[in-house]
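Quick caveat, the model's predicted, so the values are computed rather than measured. The basis for the numbers below is simple: all heavy atoms, side chains too, and nothing from hydrogens, waters or symmetry mates. Note on naming: letters A, B, ... go to the chains in the order of the sequence lines (proteins, then strands), and numbering restarts at 1 for each one.
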Amino acid sequence: MSAARPAARGTRPPAGRWLREHLVLVLGLLVLLYTFVPIAVVVLMSFNEGTRNVYAFQSFTLDNWANVCEDQSMCDALWVSIRIGVLATLGATLLGTLAAFALVRHDFRGRSASNLLIFLPMAAPEIVLGSSLLALFVAAGFSGQLGFWTILIAHVMFCLSFVVVTVRSRLAGMDDSLEQAAMDLYATPAQTFWRVTLPLVFPGILGAALLSFSLSFDDFIVTNLNAGTELTFPMYVWGASQRGVPMQVNVIGTVMFVLSIAVVLVGELGSRRRSRALSR
Amino acid sequence: MAPPTTPTLAPPDAPPPSTDLADAEPDTGRKRGLTGYLLLLPAAVWLALFFVVPFYSLAATSLYDPSGSDFRGYEMTYAFGNYVDAVQEYWTPLLRALAYGAAATLICLVLGYVLAYAIAFRAGRWKNLMLVLVIAPFFTSFLLRTLSWKLILADDGYVVDTLQFLHLLGDDGRLLATPVAVVAGLAYNFLPFMVLPLYASIDKIDPRLIEASSDLYAHPAVGFLKVTWPLSLPGVVSGTLLTFIPAAGDYINAQLLGSPNQRVIGSVIQSQFTDAGDYPSAAALSMVLMVLIVALVLVYVRRAGTEELL
């Protein structure tokens with residue numbers, strides 16, 4: 001807030017100035033508030049009495065939380081999504097981090113072509129990504145084997161670019177004087193990497209992994225095209241939305257939201273503490 | 001590990017690599033040699049196999065004999081007629097999707113600019129918290145958020161009741177199953193894609209420039225138009241692209257919030273692939289969508305005069 005209150009500089013009456021300065025902030029907060037309205041509905045509905053397709057809050061209950069897996073197929077789908085999410089995150093984070101190091105730290109022919117190759121999947125609409133993968137799987141004779149593994153391949157593919165971009169920006173913005181100091185103090189390249197470089201890049205890698213997991217966990221359009229008979233959580237929700245969504249789905253949504261907020265806050269606190277410790 | 005090189009005191013890696021178009025300037029402080037290729041190889045192979053090759057398959061599929069099927073197999077007949085048929089039959093969903101995407105992008109730009117500006121210049125020490133809050137909804141399922149809009153905009157919901165009370169909506173007027181609901185849903189879902197790039201470029205603007213304009217007696221509106229807006233243009237361009245491209249391909253909002261009679265191209269492609277099994281026509285539509293988007297993006301970027309962004 002301190003930035004919003006510069007020393008009064010006399011050209012305008014202070015009241016008008018106050019309004020002008022805070023108007024933008026108030027409008028911004030309103031926009032932010034609006035982005036949370038649907039989340040509030042999800043949280044509220046997770047405590048709602050009723051089975052399916054209720055359009056209003058009936059009465060408070062904890063039943064949905066107590067019997068999350070009442071519809072076993074929902075929890076099965078959730079488990080599929082978690083497994084795919086974890087594996088896709090591991091794969092994409094590993095490949096993407098290596099590539100980010102290559103692009104920032106190394107010089108080779110075809111760097112700009114590689115940058116383009118990594119940028120394009122983020123710029124293509126999901127329906128195009130999904131349908132071209134499906135075209136490949138069909139042409140390669142895999143149309144009968146669509147399922148867990150084809151979904152996983154697709155997820156690693158579209159998470160990869162986001163990992164590269166996230167880790168790359170962390171690496172590019174990093175001051176390399178610490179690494180040089182380590183080398184000057186006769187650390188071997190391996191020691192420098194494990195003791196200095198990796199800890200410094202780690203927040204970027206962690207952020208990329210979180211982003212990957214949420215992209216994978218949430219994806220519907222690409223997954224739906226390449227899933228065969230496998231059912232992920234978003235596909236379950238999509239199917240259920242035609243006949244009425246069970247209230248337990250909102251429990252999962254609430255848990256996801258709370259978990260991700262917690263992870264982000266812990267990360268934020270951690271980096272604050274680190275930077276404070278460094279500046280001491 | 002990398003071959004040992006004498007540490008150079010080069011400045012920490014000047015521009016972000018995505019923007020440099022020329023290969024390999026000599027003094028970037030980057031290491032040469034094989035390691036770079038080895039590090040890049042796994043990711044490059046993965047993208048080549050599952051992004052580039054599929055694109056070729058898509059192009060090939062779009063030219064198969066349209067009378068083929070999954071069971072009988074397809075024949076490559078260079079049937080360019082697939083494109084003509086597909087566009088003739090589905091030009092309305094195609095244009096509808098682009099129009100929805102454009103409308104949602106415009107709304108996102110207005111809302112996103114206010115929010116990004118507030119975070120960059122007015123949030124003070126709450127900046128980081130507000131940024132986290134911008135991304136936070138993004139971590140809750142896209143489908144669930146869209147389904148909650150369905151509840152919020154429902155025919156007997158508060159929003160419709162209020163609008164009817166204010167006579168902004170007729171007594172039997174509704175929001176669900178209208179283009180208004182679809183555009184609102186899209187604008188909501190893709191807002192973070194607009195806010196983050198906008199914030200990144202507004203945050204770089206030196207506030208002293210804006211102060212200088214007001215010291216020189218520019219009206220705040222003039223100051224905004226002549227200083228802030230032009231300086232934030234890179235963010236505007238990348239934000240609109242990041243919003244428009246996924247919004248134009250999305251069919252979740254149209255299907256959950258829109259009318260079943262007003263389909264968008266994404267939903268046509270999806271059902272042609274999975275329900276109808278008409279791969280050539282679905283692939284042709286997919287190609288048309290991709291080409292249209294790329295063409296629009298190129299024209300737009302050229303007009304905005306910031307080609308170095310791509």
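- The side-chain hydrogen bond (donor to acceptor under 3.5 Å, both in side chains) test applied to A:S132 returns no partner, not counting sequence neighbours.
- Of the two parts of B:V195, neither the backbone nor the side chain holds a non-hydrogen atom closer than 4.5 Å to a non-hydrogen atom of chain A.
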I would like to know whether B:Y188 and A:Y34 meet ring-ring contact (aromatic ring centres under 6.0 Å, His included); could you show each step before the answer?
CA-CA 9 Å; B:Y188 171 75; A:Y34 148 83; 5.7 Å; yes

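- Looking at B:L144, both its backbone and its side chain come within 4.5 Å of chain A, counting heavy atoms on both sides.
- With a 4.5 angstrom heavy-atom cutoff, A:L133 touches chain B via backbone and side-chain atoms both.
- Using modelled atom types, one finds no donor on one side chain facing an acceptor on the other under 3.5 Å when comparing A:T192 with A:E179.
- Using a 30° and 60° split on the angle between ring planes, B:F224 and B:Y117 fall in the perpendicular class, above 60°.
- By number of non-hydrogen pairs under 4.5 angstrom with chain A, the leading residue of B:P137, B:G266, B:G249, B:G112 is B:P137.
- Partners of B:F190 by ring-ring contact (aromatic ring centres under 6.0 Å, His included), not counting sequence neighbours, listed by chain and number: B:F142, B:F193.
- Of all heavy-atom pairs spanning B:L153 and B:V160, the tightest one is O-CG2, 3.5 Å.
- Residue with the most contacts toward chain A among B:L34, B:L39, B:T140, B:L38: B:L39 (heavy-atom pairs, distance under 4.5 Å).
- B:T146 and B:N189 form a side-chain donor-acceptor contact under 3.5 Å, judged by distance and modelled atom types alone.
- B:T61 touches chain A through its side chain: at least one heavy atom from C-beta onward sits under 4.5 Å away, while N, CA, C and O do not.
- Heavy-atom distances place no part of A:L94 under 4.5 Å from chain B, backbone and side chain included.
- With a 4.5 Å cut-off on non-hydrogen atoms, B:L147 touches chain A through its side chain but not through its backbone.
- At a 4.5 Å heavy-atom cutoff, B:I135 makes no contact with chain A through either its backbone or its side chain.
- Of the listed residues (A:F220, A:F137, A:F101), the one with the most heavy-atom contacts under 4.5 Å to chain B is A:F220.
- Of the residues considered (A:N224, A:V37, A:V42), A:N224 shows the highest number of contacts with chain B, using heavy-atom pairs under 4.5 Å.
- Aromatic ring pairs are classed by plane angle as parallel below 30°, tilted from 30° to 60° and perpendicular above 60°; the pair B:Y251 and A:W238 is perpendicular.
- Contacts between B:I152 and chain A at a heavy-atom distance below 4.5 Å involve the side chain alone, from C-beta outward.
- Looking only at heavy-atom pairs under 4.5 Å with chain A, the residue among B:R145, B:K127, B:Q255 that has the most is B:Q255.
- The most heavy-atom pairs under 4.5 Å with chain A, out of B:L133, B:I269, B:V132, come from B:L133.
- If you check the side chains of B:S214 and B:H219, you find no donor sitting under 3.5 Å from an acceptor.
- Rounding to the nearest 0.5 angstrom, the gap separating the CG atom in B:L256 from the CG atom in B:L143 is 6.5 Å.
- Contacts with chain A were tallied for B:A136, B:A283, B:P54, B:S57; B:P54 has the most, counting heavy-atom pairs under 4.5 Å.
- Options B:V134, B:N128, B:I252 differ in how many heavy-atom pairs under 4.5 Å they form with chain A, and the most are formed by B:I252.
- The contact between A:L129 and chain B is made entirely by side chain atoms (from C-beta outward), counting heavy-atom distances below 4.5 Å.
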